[in-house]
Amino acid sequence: MNEYPDSDSNELRRIIASKFGYEPENIMISSGADQMISIIVNAFIDPGESILTFTPSFSIYSLFTRLMGGKAIEVPLGEDFKFDYDEFIKAVETQEAKVIFICSPNNPTGGIISREEIIGILDKAESIVVLDEAYIEFDENSFFDLIEKYPNLVVLRTLSKAYGLAGARVGYGLASKELMDILYKVKPVYNVSSISQLAAKVIIEEEEYVNKVIAEIKEERDKMIDEFKTMENIKVYDSHANFILFKVEDSKKVFDYLVDKGLLVRYFGKEGPLANHLRTAVGTKEDNARLIQALKDLEEG
Ligand code: PMP
């Protein structure tokens with residue numbers, strides 16, 4: 001531990017590149033996907049310039065942009081948080097955004113955007129497009145292959161979710177070599193510790209175990225959604241991630257009730273499109289059963 005880490009995480013890059021059938025030059029390893037977002041914003045957003053994204057989505061895109069003195073243009077999602085393709089394309093054409101952030105599967109709604117829609121955005125965009133696939137292992141369709149056709153596309157991935165390595169802080173970006181050349185100019189040196197690089201290599205080798213855990217989470221998620229659907233006072237949204245968004249009559253009341261029972265879900269406050277919504281992680285079988293039972297008990301009074 002007295003030596004500095006490999007600054008560009010070369011061995012890890014090679015392992016990940018070969019997993020995708022790309023060259024190490026197409027990959028950047030970062031301290032969580034959060035750092036990739038920060039590097040992209042640092043590279044492309046000057047004060048007064050804009051990013052384009054939709055809302056509700058992962059708030060870090062807008063937060064990092066504002067920290068750089070930039071502006072975030074946020075197109076609202078449509079009914080039931082479905083992606084509003086027409087409105088978004090209008091914004092792509094009329095707003096001069098320097099970077100477009102698309103999160104699919106989307107945090108916190110769990111919804112996805114189709115390949116056709118992503119291609120539609122890429123065909124119209126004259127900016128950098130970031131496709132955040134932090135939760136993609138819980139869905140079927142990654143669109144990372146689009147980096148071959150679109151040199152302005154960065155696909156983000158993380159080991160924090162499906163690989164269970166959030167504490168090690170390892171994420172990565174996939175993009176064309178031209179785009180990576182620019183991003184490497186901004187990457188902080190020694191951005192991933194040697195312990196984290198090692199932890200990432202070990203977990204990536206455990207593919208069979210990771211796939212088993214993913215399959216279990218997906219099965220539990222679908223079972224929980226079915227349970228939610230049986231409850232009259234709850235509206236549940238379909239999820240392609242490892243969490244579930246649901247709507248209740250009074251989210252503060254339900255949140256406090258669950259906390260009293262030792263169950264912590266995400267509360268989104270009283271204002272905005274997520275008012276009266278809560279989000280739960282898909283946890284262990286036991287935790288999930290406890291949550292469902294607590295909500296059923298509440299419904300039955
Ligand atoms: N993107 C999305 C959509 C996320 O939800 C998160 C984590 N909450 C991240 C990126 C960042 O993940 P990490 O920095 O842990 O890799």
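Counting convention: from 1, in listed order, for ligands and their atoms alike.
- Nearest approach of A294 to K261, heavy atoms of both residues: CB-CD, 3.8 Å.
- If you look at Q35 next to ligand 1, there are no close heavy atoms at all, none under 4.0 Å.
- The number of heavy atoms from other shown groups lying within 6.0 Å of NZ (K19) is above 12.
- Taking atom 1 (N) of ligand 1 as the reference point, the nearest protein heavy-atom neighbour is D132 OD2, 2.6 Å.
- At the shortest separation from atom 11 (C) of ligand 1 among protein heavy atoms lies D34 OD1, 3.2 Å.
- When the options K223, E220, K218, E219 are evaluated for a side chain to side chain contact (heavy atoms under 4.5 Å, CB included) with V282, the one that passes is E220.
- No donor-acceptor pair closer than 3.5 Å links the side chain of S196 to the backbone N or O of R169.
- In terms of protein heavy-atom proximity, atom 8 (N) of ligand 1 is nearest to K161 NZ, 3.0 Å.
- Polar contact check, Y61 against ligand 1: no nitrogen or oxygen pair lies under 3.5 Å apart.
- The backbone N or O of E227 lies less than 3.5 Å from a partner atom in the side chain of T230, making a donor-acceptor pair.
- Every atom of ligand 1 with a heavy atom of R169 under 4.0 Å away is listed here by number and element: 13 (P), 14 (O), 15 (O).
- Contact between A43 and V186 at its shortest, heavy atoms only, is CB-CG2, 3.7 Å.
- For ligand 1, the atoms closer than 4.0 angstrom to any heavy atom of G32 are 13 (P), 14 (O), 16 (O).
- The shortest N/O to N/O separation between G171 and ligand 1 does not fall below 3.5 Å.
- Heavy atoms of A134 found under 4.0 angstrom from ligand 1 belong exclusively to the side chain.
- Close approach of ligand 1 to C103 (heavy-atom distance below 4.0 Å) involves ligand atoms 3 (C).
- Considering both main-chain and side-chain atoms, S31 never comes within under 3.5 Å of ligand 1 through any nitrogen or oxygen pair.
- Between K212 and E216, at least one side-chain nitrogen of the basic residue sits less than 4.0 Å from a carboxylate oxygen of the acidic one, meeting the salt-bridge criterion.
- In this structure, R157 fails the cation-pi test against Y172, since its NZ or CZ atom is not both closer than 6.0 Å to the six-membered ring centre and inside 45 degrees of the ring normal.
- Regarding atom 6 (C) of ligand 1, its nearest protein heavy-atom neighbour is F58 CZ, 3.3 Å.
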